[in-house]
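Quick note: residue numbers are just sequence positions, from 1. Keep in mind it's a predicted model, so treat the numbers as computed, not measured.
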Amino acid sequence: MKNIQFISLLVIALILMHCKKDRDPNFLINNSQVGKLMRTSPVSELENIYSNDSIVKDTSPRTLVSNSNMMEIYEKGGQHLLTLTPNEDSIPKIGIIRVLDPRFKTEKGIGLESTFKEIKDKCVIKKIVTSLNNVIIFIENSDVYFTIDKDELPASLRYDTSINIEEVQIPDDAKIKYIMVGWD
């Protein structure tokens, strides 16, 4: 009888551990999807994809300086989930996605609450690009890229835009500012 109880507890524990590792597909990021949004989803389908959420479209007039049709996706209740920028194809699809909700995670478990050390440990870094205020980390064989604010870097690296920042110069505890997915 005790053996049966022990085996039952062991099975329940294994099931619970397995369930904990499963990621919610509504918040999964990979090369073909970001949550409910698939790489092949046309912009015209967004109303159906996010029927339980709110879509806010940029209604400002397009100019030579700003040619964006950005759309923001909000969860019912107000949480800003994503900002989407469509491409300019004849049948527009989503070109760039900015992830704003910390529940979104890559297949390797990296999200907005992750650090540079987690990126280094779980991904192969393809390239690091320095911009005026940020460092952008591109991942090998991935459409996902991460942005770290230069304020996370040592003071000697923050203000010189001509410096090419290398992996060893970024502190392990540097926080991710943005997660972006580029499908262009």
K.L.:
Hey, are the side chains of D101 and Q79 touching, using non-hydrogen atoms and a 4.5 Å cut-off?
P.N.:
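The answer is yes; the side chains approach within 4.5 Å.
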
K.L.:
Taking the side chain as every heavy atom from C-beta outward, state whether T147 and V135 have any atom pair closer than 4.5 Å.
P.N.:
no

K.L.:
Measure across Y145 and V181 and return the closest heavy-atom pair with its distance rounded to 0.1 Å.
P.N.:
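Residues Y145 and V181, closest heavy atoms: CE2-C, 4.3 Å.
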
K.L.:
Contact between I55 and L84 at the side-chain level, heavy atoms closer than 4.5 Å - yes or no?
P.N.:
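I55 does not reach L84 side chain to side chain.
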
K.L.:
Pairs in or reaching into residues 130-139: which pass salt bridge (charged side-chain N to carboxylate O under 4.0 Å, His left out), with residues at least two apart or in two chains?
P.N.:
none

K.L.:
Inspect the contact between D53 and K36 and indicate whether a charged nitrogen and a carboxylate oxygen are less than 4.0 angstrom apart.
P.N.:
yes

K.L.:
Side-chain contact, heavy-atom cut-off 4.5 Å: I97 with M180?
P.N.:
no

K.L.:
Over all heavy atoms of both residues, which pair between L112 and V99 is shortest? Give the atoms and the distance, please.
P.N.:
CD1-O, 3.6 Å

K.L.:
For residues K108 and K122, report the shortest heavy-atom separation together with the two atoms involved.
P.N.:
CD-O, 2.8 Å

K.L.:
Check side-chain contact (heavy atoms from CB on, under 4.5 Å) between T130 and all other residues, then give those that pass, not counting sequence neighbours.
P.N.:
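Here the qualifying residues are K150, I165.
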
K.L.:
Could you tell me whether K93 and D89 have a side-chain N and a carboxylate O separated by less than 4.0 Å?
P.N.:
no

K.L.:
Which heavy-atom pair separates I176 from G111 by the least distance, and what is that distance?
P.N.:
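Residues I176 and G111, closest heavy atoms: CD1-O, 3.4 Å.
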
K.L.:
Where do I73 and H80 come nearest, in terms of heavy atoms and distance?
P.N.:
O-CD2, 3.5 Å

K.L.:
With sequence neighbours left out, write down each residue that passes side-chain contact (heavy atoms from CB on, under 4.5 Å) with E167, or none if nothing qualifies.
P.N.:
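With neighbours one apart ignored, the set is F116, K120, I125, I128.
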
K.L.:
Closest approach of S142 and N31, non-hydrogen atoms and distance?
P.N.:
CA-OD1, 3.4 Å

K.L.:
Return the CD to CH2 distance between Q33 and W183, rounded to the nearest 0.5 Å.
P.N.:
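Separation between the atoms: 8.0 Å.
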
K.L.:
Identify whether I148 and L157 are in the same connected component of the hydrophobic contact network (ILVMFWY, side-chain heavy atoms under 4.5 Å).
P.N.:
yes

K.L.:
Is the NZ or CZ atom of K127 positioned over F138's six-membered ring, under 6.0 angstrom from the centre and within 45° of the axis?
P.N.:
yes

K.L.:
Hydrophobic clustering (ILVMFWY, side-chain heavy atoms < 4.5 Å, transitive) - are Y178 and L37 grouped together?
P.N.:
no

K.L.:
Do K57 and N69 meet the criterion of a side-chain donor-acceptor pair at a distance under 3.5 Å?
P.N.:
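On atom types as modelled, these side chains do not qualify, holding no pair under 3.5 Å.
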
K.L.:
Do I96 and L46 sit in one hydrophobic cluster, given that two such residues count as connected whenever their side-chain heavy atoms are within less than 4.5 Å of each other, even indirectly?
P.N.:
no

K.L.:
Under the criterion salt bridge (charged side-chain N to carboxylate O under 4.0 Å, His left out), I'd like the reasoning laid out for R103 against E75: C-alpha separation, chi angles, the key distance, then a yes or no.
P.N.:
CA-CA 12 Å; R103 293 176 288 179; E75 188 174 51; 2.8 Å; yes

K.L.:
Just to verify, what does P171 make a side-chain contact (heavy atoms from CB on, under 4.5 Å) with, not counting sequence neighbours?
P.N.:
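P171 satisfies side-chain contact (heavy atoms from CB on, under 4.5 Å) with L153, P154, D173, A174 once adjacent residues are dropped.
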
K.L.:
Applying side-chain hydrogen bond (donor to acceptor under 3.5 Å, both in side chains), can you list everything that pairs with N30, at least two apart in sequence or on another chain?
P.N.:
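Result, side-chain hydrogen bond (donor to acceptor under 3.5 Å, both in side chains) vs N30: S32.
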
K.L.:
Does I137 reach the side chain of I139, with side-chain heavy atoms less than 4.5 Å apart?
P.N.:
yes

K.L.:
With a 4.0 Å cut-off, would you call D24 and K105 a salt bridge?
P.N.:
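Salt bridge absent between D24 and K105.
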
K.L.:
Apply salt bridge (charged side-chain N to carboxylate O under 4.0 Å, His left out) to R158 and list each qualifying residue two or more places apart in sequence or on a separate chain.
P.N.:
none

K.L.:
Does L100 form a side-chain contact (heavy atoms from CB on, under 4.5 Å) with L81? I'd like the steps, not just the answer.
P.N.:
CA-CA 5 Å; L100 295 155; L81 300 173; over 6 Å; no

K.L.:
Quick check: do I94 and N87 have side-chain heavy atoms less than 4.5 Å from each other?
P.N.:
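In short, these two side chains do not touch, never coming nearer than 4.5 Å.
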
